[in-house]
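First comes the structure, then the notes that go with it.
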Protein chains: 2
Amino acid sequence: MRRSDMGDPMNEIPEVVIQRLPLYLRTLSALDAEGVTVVSSQDLGERLQVTPAQIRKDLSYFGRFGKQGRGYRVPDLIRELRLILGLGREWEMVLLGMGRLGWAVAGYPGFAQHGFKVVACFDADPQLIGKTAGPLVIQDISALAATIQQHGIQIGIVAVPAAAAQQVVDQLVACGVRGILNYAPTAPRVPPHVWVQNIDPAVALQAMTYHLSQRKPARRPAGRAPA
Amino acid sequence: MRRSDMGDPMNEIPEVVIQRLPLYLRTLSALDAEGVTVVSSQDLGERLQVTPAQIRKDLSYFGRFGKQGRGYRVPDLIRELRLILGLGREWEMVLLGMGRLGWAVAGYPGFAQHGFKVVACFDADPQLIGKTAGPLVIQDISALAATIQQHGIQIGIVAVPAAAAQQVVDQLVACGVRGILNYAPTAPRVPPHVWVQNIDPAVALQAMTYHLSQRKPARRPAGRAPA
């Protein structure tokens with residue numbers, strides 16, 4: 001089914017399309033950093049390992065971008081994608097669990113450049129509470145609700161062990177958080193108004209070993225993104 | 001199109017199906033740990049936020065599982081999925097980049113339980129080389145090719161800064177690595193016989209903020225997995 005170029009009044013844009021937009025943005029930002037000002041859907045597709053037709057179709061859900069035969073203006077498409085993805089603002093986040101992974105997440109340099117900011121971090125371990133992680137002081141989890149309310153926070157990052165994840169997620173949801181970035185190796189249950197993105201390297205590896213195990217050496221079909 | 005229950009002789013199983021199998025396995029393993037021995041596609045779907053029909057269709061690519069009206073035997077389905085995903089063996093991996101993220105990855109407890117093992121780690125910084133990260137000694141990147149050859153390694157983990165990622169990926173590919181788990185916030189280019197899985201929390205967050213930014217409060221449609 002071909003959708004209208006006027007966007008999608010039914011809000012039925014497939015989730016796989018939404019999930020691809022940040023990848024487009026990431027590649028366009030790399031092109032921009034290289035000084036590239038115009039890119040064809042052919043070139044963009046080659047970088048992303050997606051067909052040019054797929055790119056044009058994905059973008060058509062959100063309006064008209066680029067001109068036939070002229071390619072996309074990189075800064076314009078970046079600006080549009082940032083608006084579509086809700087990146088025209090800063091998103092404050094809380095971080096739960098300050099073990100080794102939590103420390104790495106707290107110091108991750110890739111958040112700030114996209115407007116994401118960890119403003120408070122929490123742990124249940126009395127030995128960690130009060131320690132500083134960069135500019136942050138690790139707080140007792142009992143302070144979570146007040147912090148979320150005070151900052152109007154909508155996103156929580158979960159970096160606790162798997163066994164504690166569901167409980168922590170339930171707390172975040174009870175505090176009004178609507179988006180959860182989950183590093184715990186488990187899929188937490190959430191009500192329908194809450195969005196979860198799971199970061200699980202073992203899951204990513206398992207989809208890879210499927211291909212590595214095929215008798216015939218795996219060859220990605222052209223136009224199919226591997227990741 | 002309905003596929004045969006005999007599997008897919010054309011090897012045209014959609015990549016999205018492959019990507020879902022590890023999520024099924026993760027949830028089934030959690031059920032197994034809880035002592036659950038049989039699960040209906042209804043219950044499994046509820047946990048995964050996927051429709052029961054989707055689960056049955058995904059599994060039908062690989063043969064017959066479960067009996068109509070009786071549900072799936074959890075240990076059997078776990079064993080089958082592990083075989084399909086190539087998890088009936090140990091996968092040795094090399095880790096490149098021993099900054100804060102590399103240290104967290106080296107100590108990640110979720111690898112071992114699935115048969116993944118980091119057997120060597122590398123950095124280009126002379127100040128890091130020779131230091132120990134758990135049981136591993138950080139090696140100079142110049143030793144990479146010999147290590148990969150000696151162990152017959154097929155998977156490399158990239159935890160270097162974005163600016164160094166493409167070069168490191170090229171080195172891994174030149175050494176014969178066929179699967180790359182990439183933590184650098186960039187999408188490296190690889191030849192068609194190489195599979196990349198990108199772990200990028202900013203990309204995951206951006207797909208989430210799309211939904212959080214919609215004027216109507218986002219509500220996940222039933223049966224659509226958020227992540």
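We name chains A, B, ... by the order of the sequence lines, and we start the count at 1 in each one.
Counting heavy-atom pairs under 4.5 Å between each of B:Q154, B:E46, B:R26, B:M93 and chain A puts B:R26 at the top. The candidate with the highest count of non-hydrogen atom pairs below 4.5 Å against chain B, out of A:R82, A:R100, A:R89, is A:R100. Ranked by heavy-atom pairs under 4.5 Å with chain B, the list A:P201, A:P188, A:A104 is led by A:P201. Most heavy-atom pairs under 4.5 Å with chain A: of the set B:A162, B:G115, B:P22, this distinction falls to B:P22. Chosen from A:V16, A:L205, A:D200, the residue pairing most often with chain B at heavy-atom distances under 4.5 Å is A:L205. Chain B forms more heavy-atom pairs under 4.5 Å with one residue of A:L21, A:T186, A:I180 than with any other, namely A:T186. Contacts with chain B were tallied for A:L181, A:L25, A:N182; A:L181 has the most, counting heavy-atom pairs under 4.5 Å. Top candidate by heavy-atom pairs under 4.5 Å with chain A, chosen from B:V105, B:I157, B:I84, is B:I84.
Only the side chain of A:I155 has a heavy atom closer than 4.5 Å to any heavy atom of chain B. Looking at A:L87, the atoms closer than 4.5 Å to chain B (heavy atoms on both sides) all sit in the side chain, from C-beta outward. Heavy atoms closer than 4.5 Å to chain A are found in both the backbone and the side chain of B:Y183. No part of A:A30 comes within reach of chain B, as not one of its non-hydrogen atoms sits under 4.5 angstrom from that chain. Using a 4.5 Å cut-off between heavy atoms, A:I199 contacts chain B through its side chain alone, with no backbone atom that close.
Between the A:T209 side chain and the B:G86 main chain, no donor and acceptor come within less than 3.5 Å of each other. B:Q166 contributes a side-chain N or O that, together with a main-chain N or O of B:R189, makes up a donor-acceptor pair within less than 3.5 Å. Without hydrogens or angle criteria, A:D123 side chain to A:L128 main chain gives no donor-acceptor distance under 3.5 Å.
For A:Q127, the CD atom counts as loosely surrounded, since its 6.0 Å shell holds 12 or fewer non-hydrogen atoms of other residues, nucleotides or ligands.
A donor-acceptor contact closer than 3.5 angstrom links the side chains of B:D58 and B:Y24.
Note on ring orientation: taking the six-membered ring where Trp is involved, the planes of B:H211 and A:W195 are parallel (angle under 30°, cut-offs 30° and 60°).
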Original post:
Is there a side chain to side chain donor-acceptor pair (under 3.5 Å) between B:H114 and B:E90 once you walk through the steps?
Top reply: CA-CA 8 Å; B:H114 297 289; B:E90 186 172 80; over 6 Å; no
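Annotation for A:V177 and A:G156: closest pair CG1-N, 3.7 Å, computed over non-hydrogen atoms. Across every non-hydrogen atom of A:V173 and A:P191, the tightest pair is CG1-CG, 3.7 Å.
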